[in-house]
Amino acid sequence: MLSAAGLRHTYGGRTVLAVDAFALERGSVTALVGPNGSGKSTILRLLAFVERPSSGTIALDGAEVHTAEQRRRARRRVTLVEQAPYLFPTSVRENVEYGLRLRGARGPAAAARAMAALERLHAGGLANRPARELSEGEIQRVALARAIALEPDVLLLDEPAGAADRAATAQVHRVLLEERARGAAVCFASHHLEDAYRWSDRLVALADGRAGSVTPENLFRTTLPEGTGSKVAEIGPLGVVVVTDRSGPVTLAIPPHEVLVSHAPLQSSARNTFTGPVVRISDHTGDMVTLTVDVGVDLAARITRSALQELGIHVGSRVVLTIKALAVQVF
Amino acid sequence: MDLIWDGLRRGIDLIVGGDPDVFEISALSLRVALTATVLACVVGVPVGFVVGTTRFWGRRAAITALNTLLAFPTVVVGVLVWGLLTRRGPFGGYGLLYTWWAIVIAEVVLAVPIAAALTAAAVQGIDPRVRRTALTLGAGRWRTHLAVAGAARFAILTAVVVSFGRVLAEVGAAMIVGGNIRHYTRTLTTAVALATSQGDFGLAMALGLILLALALTVNVLLQLFQGRGDA
């Protein structure tokens with residue numbers, strides 16, 4: 001449906017995005033994950049034809065979109081809900097009707113479609129409220145209603161549930177699945193790994209503006225025993241202590257920046273200690289490096305460059321990894 | 001102090017008594033100021049909008065030029081327009097010098113940079129999400145501009161009012177190109193200058209009071225509009 005090739009984007013001489021290939025398929029939900037500043041918002045704005053890439057092409061249904069007129073036409077089929085959406089200082093209903101009116105809908109027809117979109121997000125009661133009176137969470141829901149009212153072919157969302165509690169998050173994502181069922185290509189950015197996994201068909205990781213073919217580091221599928229609280233998850237030969245009430249098949253994530261690296265075992269409260277050789281040191285641009293340590297499985301640990309130098313770590317060094325049970329995410 | 005009080009009293013008498021000269025001069029001033037403001041804003045507001053919203057080669061230079069023109073001495077504008085309109089000048093054939101249109105032309109030259117610079121600043125200050133939101137919802141170029149202008153409407157209105165204030169209060173250029181001819185090109189400001197130099201302090205005070213009242217009225221209207229916008 002929507003595909004991009006050789007996308008590069010620079011701000012003030014700095015390359016913030018370098019993605020060689022990216023595609024969104026009809027009737028699918030893609031999650032973009034990555035930390036803040038990894039380029040998620042940038043790629044969404046490029047894909048929404050709101051900003052022009054410094055180089056590269058974006059094609060809609062195979063046809064490359066270049067000229068102003070092509071971009072304008074494409075924007076009729078692709079819409080973006082921003083992370084902190086802007087609502088026009090009118091009523092909620094007028095906000096939702098805005099895009100419909102641009103497409104020629106008028107009067108009761110436009111009003112009915114706007115109301116239906118709001119109802120799908122349980123926001124029908126907000127219809128006559130002035131937009132400037134809404135809370136952050138309400139603004140997000142209205143902005144999503146405003147987008148789905150247009151029945152876009154491609155629906156892009158930047159942290160669509162950023163201001164929502166768990167119940168509201170689930171509701172937002174159920175609406176995205178409905179959009180998928182309608183045939184839309186849906187893509188949402190999230191820094192919340194759990195949501196990204198749970199609500200998407202496909203995960204694309206962005207780091208420093210580059211898309212990873214590998215999904216985020218230190219993800220393991222395993223089966224947890226019954227019971228509550230602290231329990232041991234088997235990851236290959238390792239037993240990892242986790243704290244969760246979940247059981248059965250789950251995905252574990254150990255955020256690399258939560259992994260402590262030392263030469264000798266630490267006396268600490270952390271429940272997980274593993275030892276093994278460093279098999280790879282990947283250089284990131286910037287102050288951080290990622291070590292891959294073979295402790296029976298490959299575990300990634302992110303430390304600062306200065307820490308790496310002070311500890312004198314190189315490929316082959318035997319190191320101890322220490323991880324708090326609470327740092328292990330279960331989803 | 002007596003001089004001030006006497007002048008003030010005579011000024012009020014002239015206004016309350018409906019002095020025909022005072023009325024005529026005020027009417028001409030308003031006509032000149034309104035005409036010049038409308039023309040200046042028709043040109044200046046769109047120019048400022050383009051400078052404030054679009055990226056083009058030389059944009060920074062354009063902003064610098066506009067801001068420099070804000071400080072353009074009015075007598076210099078007067079002299080330049082005089083040079084253009086005088087019999088020997090390039091537009092001398094139209095016979096515009098020493099007519100109220102000559103004053104309008106000079107005031108337009110003065111007010112266009114004000115309208116443009118303030119409009120540019122107004123739209124530059126608008127939340128960039130306004131434009132992006134309109135675009136993502138499928139707005140074309142004009143609808144997108146309209147959304148941005150709508151968000152900046154009070155600041156743009158301020159640009160219009162400031163332009164009007166500048167034009168109404170201007171004296172140097174109006175004197176040079178209008179000539180301060182009774183019944184024809186005598187505006188409030190040029191009349192005040194003349195009356196003061198002739199020692200008719202009361203008349204000068206009366207005209208000065210009217211100028212103040214006009215400026216006050218315009219600003220009160222602006223406040224009312226902005227107040228409604230905040231509600």
Side-chain angles (χ1 to χ4, degrees), chain A residues 41-42 44-52 67-69 71-90 94-105 114 117 130-133 139 142-158, chain B residues 45-46 49-64 119-160 222-231:
Chain A
S41 302
T42 304
L44 288 178
R45 282 183 201 163
L46 297 181
L47 294 174
F49 304 102
V50 173
E51 282 180 32
R52 277 179 189 275
T67 66
E69 177 58 20
R71 292 166 61 80
R72 192 187 67 79
R73 284 174 183 280
R75 280 196 297 265
R76 292 272 163 132
R77 300 178 51 199
V78 181
T79 194
L80 164 68
V81 181
E82 293 202 76
Q83 181 169 11
Y86 173 82
L87 298 185
F88 297 109
T90 53
E94 282 172 273
N95 263 280
V96 180
E97 287 181 7
Y98 182 86
L100 294 169
R101 288 178 186 280
L102 289 173
R103 286 159 179 77
R132 66 178 73 195
E133 283 179 7
I139 289 172
V142 170
L144 179 54
R146 187 169 64 176
I148 62 172
L150 307 176
E151 299 185 0
D153 292 337
V154 180
L155 176 58
L156 308 168
L157 311 101
D158 198 351
Chain B
V45 169
F49 196 90
V50 170
V51 170
T53 53
T54 55
R55 289 177 193 177
F56 55 88
W57 190 87
R59 175 172 180 245
R60 286 176 74 103
I63 291 175
T64 307
T119 301
V123 294
Q124 274 180 301
I126 291 303
D127 191 333
R129 293 178 306 166
V130 176
R131 178 186 151 272
R132 292 203 301 261
T133 301
L135 285 175
T136 56
L137 294 174
R141 184 206 293 221
W142 289 107
R143 289 299 197 132
T144 305
H145 285 335
L146 208 60
V148 174
R153 62 192 183 280
F154 296 112
I156 292 175
L157 191 64
T158 304
V160 174
L222 180 69
Q223 293 270 331
L224 285 177
F225 271 118
Q226 285 182 333
R228 201 182 300 165
D230 291 341

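For the numbers below, each heavy atom of this structure counts, side chains included, while hydrogens, waters and symmetry mates do not. The chains referred to below are lettered A, B, ... by the order of the sequence lines, with proteins before strands, and numbering in each begins at 1.
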Exercise for the section: Give, as side chain, backbone, both or neither, the part of Ala147(B) having an atom under 4.5 angstrom from any heavy atom of chain A. Expected result: side chain
Practice task
Can you see which heavy atom on Leu135(B) is nearest to which on Arg75(A), and at what distance?
Solution key: O-CD, 3.3 Å
Problem - Part of Pro152(A) within contact of chain B (heavy atom distance under 4.5 Å) - result: neither
Handout entry: salt bridge (charged side-chain N to carboxylate O under 4.0 Å, His left out) pairs, two or more places apart, involving residues 119-132 of chain B
Key = Glu82(A)-Arg132(B), Asp127(B)-Arg129(B)
Problem - Contact listing (chain A partner; residues 136-143 of chain B; heavy atom under 4.5 Å) - result: Thr136(B), Leu137(B), Gly138(B), Ala139(B), Gly140(B), Arg143(B)
Problem - Which portion of Leu80(A) sits near chain B, non-hydrogen atoms under 4.5 angstrom - result: both
Practice task
Sort Arg71(A) into side chain, backbone, both or neither according to what part of it lies under 4.5 angstrom from a heavy atom of chain B.
Solution key: neither
Practice task
May I ask you to name which of Arg76(A), Arg72(A), Arg103(A), Arg45(A) has the most heavy-atom pairs under 4.5 Å with chain B?
Solution key: Arg45(A)
Handout entry: Per-residue contact mode, Ala84(A) against chain B (heavy atom under 4.5 angstrom)
Key = both
Practice task
Tell me, for Val78(A) versus chain B, whether the close heavy atoms (under 4.5 Å) come from the side chain, the backbone, both or neither.
Solution key: backbone
Handout entry: More than 12 heavy atoms of other groups within 6.0 Å of Arg101(A) CZ
Key = yes
Handout entry: Phe49(A) portion near chain B, given a 4.5 angstrom heavy-atom threshold
Key = neither
